[in-house]
Amino acid sequence: MKHLLSVDDLTTDQVLELFETAADMHDVQSREVKKLPALRGRTVVNMFFEDSTRTRSSFEIAGKWLSADVINVSAKGSSTSKGESLRDTVLTVCAMGVDGLVLRHPASGAALQVSQWVDASVVNAGDGTHEHPTQALLDAYTLQRRLGSLEGRHVVIVGDLTHSRVFRSNIQCLTRLGAQVTVVAPPTLMPSGIGAWSASAGFETSYDVDAVLPHADAVMMLRVQRERMTGAFFPTAREYTVGYGLTRDRLALLGPDVPICHPGPMNRGLEIAADAADAAQSLVLEQVSSGLAIRMAVLYHLLAGESQGGMA
Ligand code: NCD
């Protein structure tokens with residue numbers, strides 16, 4: 001495996017292998033000295049053309065804990081703001097001898113396009129509304145740690161599906177691991193063509209969150225992505241919350257042990273109430289620490305090389 005552009009790039013065995021490596025990496029987080037020598041001498045560039053808190057910082061920490069040299073390039077502050085093309089920017093950075101390029105970009109397909117221009121291994125850290133494979137891996141890893149196995153477990157994904165790359169990657173990862181998935185959204189935020197996709201990929205769709213939640217083994221709430229909305233997808237924020245938010249009342253529809261996930265950043269009071277975000281069954285912060293372990297595992301497998309047991 002040279003790049004990680006999509007969950008589809010991975011076989012089920014490779015997903016499970018990444019989870020095993022992530023479990024080892026997870027232990028590093030509780031050590032006093034959080035450093036492994038695996039990527040000594042390798043250089044990783046985080047190139048983020050969209051805002052990010054957890055994805056960018058976890059890729060940076062992951063690279064550093066594996067002893068890689070890590071630098072960050074963002075659109076603001078790079079020559080992109082002077083009119084340089086994406087191709088020229090990545091070729092310039094890669095001409096410095098970069099081994100790994102972690103890319104977030106607002107255009108769907110950007111990571112695939114960049115992977116065809118450069119020799120470095122490219123990790124897709126989110127491309128438009130298309131995919132976010134490390135988020136899906138960390139979500140499935142977090143749920144698997146909590147639930148034991150995902151086989152036959154009912155995972156309910158609720159929110160702005162139209163604009164969500166997290167949902168698109170999660171469908172592939174969760175169904176691959178045997179989960180039964182139901183996705184819920186208002187009709188205006190249900191992607192067009194989902195009927196054919198759900199039939200071929202084997203997941204369910206619903207507009208009725210109250211009917212689905214009592215049967216959930218896990219719930220994943222998605223952010224309302226206002227920055228990607230060009231029109232009015234729902235009348236008011238209040239109406240969205242009443243129809244689709246994980247409110248205090250809806251929390252009562254879930255069993256007390258049913259895990260609640262959210263990839264963050266959360267719009268508290270819109271798609272998720274504080275009672276749910278901060279509930280004992282919320283895995284939101286566990287997702288963040290698992291994300292670090294998963295990103296360490298991904299960088300390790302892509303960049304460590306065969307001599308260190310990597311898949312690269
Ligand atoms: C997600 C993203 O950027 O796609 N967040 C993340 O990576 N933690 C989801 C979102 O922005 O809502």
Side-chain angles (χ1 to χ4, degrees), residues 4-7 22 46-63 72 74-76 102-112 122-143 155 157-174 183-186 189-191 219-230 233-234 237 240-241 244-246 259-272 276-277 282-299:
L4 179 58
L5 307 175
S6 160
V7 172
N46 280 333
M47 215 181 245
F48 277 62
F49 293 92
E50 266 185 13
D51 295 342
S52 169
T53 303
R54 61 223 87 213
T55 306
R56 183 167 54 183
S57 47
S58 65
F59 267 114
E60 181 173 353
I61 296 172
N72 292 302
S74 55
K76 230 182 285 161
V102 179
L103 182 81
R104 169 168 287 191
H105 198 278
S108 299
L112 172 64
V122 177
V123 181
N124 182 4
D127 61 329
T129 57
H130 179 225
E131 277 225 42
H132 192 355
T134 57
Q135 181 69 43
L137 288 168
L138 80 86
D139 290 336
Y141 172 77
T142 310
L143 285 174
V155 181
I157 304 178
V158 187
D160 178 359
L161 302 178
T162 291
H163 302 103
S164 178
R165 53 196 176 205
V166 173
F167 139 73
R168 288 180 177 78
S169 289
N170 254 300
I171 286 290
Q172 297 181 46
C173 198
L174 292 170
V183 300
V184 188
L189 290 171
M190 191 63 89
V219 182
M220 188 180 296
M221 300 306 296
L222 297 175
R223 184 172 66 91
V224 174
Q225 304 211 1
R226 288 191 163 137
E227 76 280 16
R228 297 191 206 280
M229 293 183 183
T230 45
F233 285 81
F234 45 86
Y240 182 86
T241 305
Y244 292 90
L246 187 53
I260 298 168
C261 297
H262 191 304
M266 295 184 281
N267 288 312
R268 283 175 183 255
L270 180 56
E271 74 264 0
I272 188 165
S282 163
L283 297 186
V284 171
L285 291 178
E286 226 171 291
Q287 286 173 276
V288 177
S289 62
S290 297
L292 181 49
I294 283 288
R295 285 165 184 139
M296 286 176 83
V298 167
L299 292 179

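One-based numbering, in listed order, for ligands and for the atoms of each.
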Looking at Q135, which atoms of ligand 1 are within less than 4.0 Å of one of its heavy atoms? 6 (C), 7 (O), 8 (N)
Under 4.0 Å from a heavy atom of Q225: give me the atoms of ligand 1 that qualify, with their elements. 10 (C), 12 (O)
Evaluation steps, ring-ring contact (aromatic ring centres under 6.0 Å, His included), between F48 and H105: CA-CA 6 Å; F48 277 62; H105 198 278; over 10 Å; no
Output the list of atoms in ligand 1 that are nearer than 4.0 Å to some heavy atom of R54, sorted by atom number. 8 (N)
Under 3.5 Å: N/O of P263 near N/O of ligand 1: yes
Those atoms of ligand 1 less than 4.0 Å from some heavy atom in H132: 2 (C), 4 (O), 6 (C), 7 (O)
So does E50 pair up with R228, basic N to acidic O under 4.0 Å? yes
For ligand 1, indicate whether the residue R104 contacts it via side chain, backbone, both or neither (heavy-atom separation under 4.0 Å). side chain
Ring of F59, cation from R295 - is the NZ or CZ under 6.0 Å from the centre and inside 45° of the axis? yes
S164 and T129, any side-chain heavy atoms less than 4.5 Å apart: no
Would you call the rings of F234 and Y240 parallel, tilted or perpendicular if under 30° counts as parallel and over 60° as perpendicular? tilted
Which residue and non-hydrogen atom of the protein lie closest to atom 10 (C) of ligand 1, and at what distance in Å? R223 NE, 3.4 Å
In terms of residue, atom name and distance, what is the protein heavy atom nearest to atom 5 (N) of ligand 1? G264 O, 2.9 Å
What I want to know is whether V166 and ligand 1 share at least one N or O pair that is separated by under 3.5 angstrom. no
Please check: side-chain N/O of S282 versus main-chain N/O of A277, any donor-acceptor pairing under 3.5 Å? yes
Between R165 (side chain only) and G128 (backbone N and O only), is there a donor and an acceptor less than 3.5 Å apart? yes
Does ligand 1 have any atom that is closer than 4.0 Å to a heavy atom of G126? no
Hey, which atoms in ligand 1 end up nearer than 4.0 Å to a heavy atom of T55? 6 (C), 7 (O), 8 (N)
Does R54 pair with E60 as a salt bridge, N-O distance under 4.0 Å? no
Closest by any non-hydrogen atom to atom 2 (C) of ligand 1: pick that one out of R56, H163, E131, R165. R165
